[in-house]
Amino acid sequence: QVQLVESGGGSVQAGGSLRLSCAVSGYTYSSYCMGWFRQVAGKEREGVAAIDSTGTTIYDDSVKGRFTISKDNAKNTLYLQMNSLKPEDTAMYYCATALYAITTMGPLWASAKVWNGGYWGQGTQVTVSS
């Protein structure tokens, strides 16, 4: 059974940092694209960052230079280091898997619909106060 379990969310003040983790089990972790999404109530889930099996990464413009996605294949764990957090980063954060490389998905990488053929975690809440 495939499981993605996020952790590391919490409440921080603007300018602070958090590191999210996504532990993956029951899945050939290293072979596919992994990503982080976030969702605010009433809005669509949106792509934050992704990394594929070649190590290629991609970020939403709103987090470039502040967030870093990485993975540890030996630990089957995906990370999202979030620095210089802003109140607008407040959201539920989800990790997900996709069957396609970043180059294949192109600009559609940020659409949750493209990732719906894979697996999703349950989410971890990030709250940034001003």
Side-chain angles (χ1 to χ4, degrees):
Q1 182 178 357
V2 177
Q3 278 194 312
L4 280 66
V5 180
E6 301 96 335
S7 61
S11 297
V12 295
Q13 290 191 327
S17 298
L18 285 173
R19 188 176 81 155
L20 305 184
S21 299
C22 173
V24 183
S25 60
Y27 186 70
T28 309
Y29 166 83
S30 62
S31 300
Y32 299 95
C33 195
M34 299 285 297
W36 288 99
F37 283 73
R38 62 187 180 188
Q39 187 171 25
V40 176
K43 294 189 177 182
E44 289 191 358
R45 197 170 293 187
E46 60 180 13
V48 175
I51 183 168
D52 67 18
S53 60
T54 69
T56 299
T57 59
I58 193 166
Y59 297 89
D60 183 75
D61 286 345
S62 66
V63 305
K64 280 182 181 177
R66 300 188 299 122
F67 291 10
T68 302
I69 189 171
S70 63
K71 59 179 182 172
D72 185 330
N73 289 338
K75 295 182 178 179
N76 281 2
T77 302
L78 178 73
Y79 302 101
L80 184 68
Q81 178 66 44
M82 306 187 296
N83 298 328
S84 302
L85 282 161
K86 303 176 180 180
E88 50 263 44
D89 295 318
T90 295
M92 184 71 80
Y93 283 72
Y94 301 87
C95 64
T97 69
L99 299 178
Y100 311 104
I102 289 174
T103 52
T104 301
M105 292 189 283
L108 292 178
W109 77 269
S111 170
K113 294 178 181 178
V114 174
W115 296 68
N116 283 342
Y119 299 93
W120 290 85
Q122 293 301 304
T124 185
Q125 178 67 38
V126 172
T127 302
V128 184
S129 58
S130 57

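On a predicted model such as this, the values are computed, not experimentally measured, just so you know.
Identified under the side-chain hydrogen bond (donor to acceptor under 3.5 Å, both in side chains) test for residues 2-25, with sequence neighbours left out: Ser17-Asn83. Among residues at least two apart or in separate chains, ring-ring contact (aromatic ring centres under 6.0 Å, His included) pairs with a member in residues 111-130 are Tyr27-Tyr119, Phe37-Trp115, Phe37-Trp120.
Tyr59 approaches Ala49 most closely through the heavy-atom pair CD2-CB, 3.5 Å. Between Leu18 and Leu85, the closest heavy-atom pair is N-CD1, 3.9 Å. In plain terms, the two heavy atoms of Ser130 and Ala14 that are nearest each other are CA-CB, 4.3 Å.
Here the straight-line distance linking atom OG1 of Thr124 with atom CG of Leu80 works out to 11.0 Å at 0.5 Å rounding. Considering CD of Gln81 and CD1 of Ile69, their distance stands at 12.5 Å, rounded to 0.5 Å. To the nearest 0.5 Å, atoms CZ (Arg38) and CD (Gln125) are separated by 12.0 Å. For the atom pair CD of Glu44 and OG of Ser111, the computed distance is 7.5 Å after rounding to the nearest 0.5 Å. Rounding to the nearest 0.5 Å gives a distance of 11.5 Å between CE of Met34 and OG of Ser70. The CD1 atom of Ile51 lies 12.0 Å from the CD1 atom of Ile58; values are rounded to the nearest 0.5 Å.
Hydrophobic cluster membership differs between Val126 and Val40, with clusters built from Ile, Leu, Val, Met, Phe, Trp and Tyr side chains linked at under 4.5 angstrom. Note: the hydrophobic cluster containing Leu4 also contains Leu99 (ILVMFWY, side chain heavy atoms under 4.5 Å, direct or indirect links). Follow the hydrophobic side-chain contacts under 4.5 Å out from Leu20 and you never reach Val5; the two are in separate clusters.
Each of Thr90, Thr127, Val128 was compared with Val12 under the side chain to side chain contact (heavy atoms under 4.5 Å, CB included) criterion, and only Val128 meets it.
Ion pairing between a basic and an acidic side chain is recognised when a charged N comes within 4.0 Å of a carboxylate O; Asp89 and Lys86 show no such pairing.
Annotation: Gln122, atom CD; neighbour count of heavy atoms from other residues, nucleotides and ligands within 6.0 Å does not exceed 12.
For the pair Trp109/Thr104, no side-chain contact is recorded, criterion being any heavy-atom separation below 4.5 Å from C-beta on.
A side-chain donor-acceptor contact under 3.5 Å links Trp36 to the backbone of Tyr79. Lys71 contributes a side-chain N or O that, together with a main-chain N or O of Asp52, makes up a donor-acceptor pair within less than 3.5 Å.
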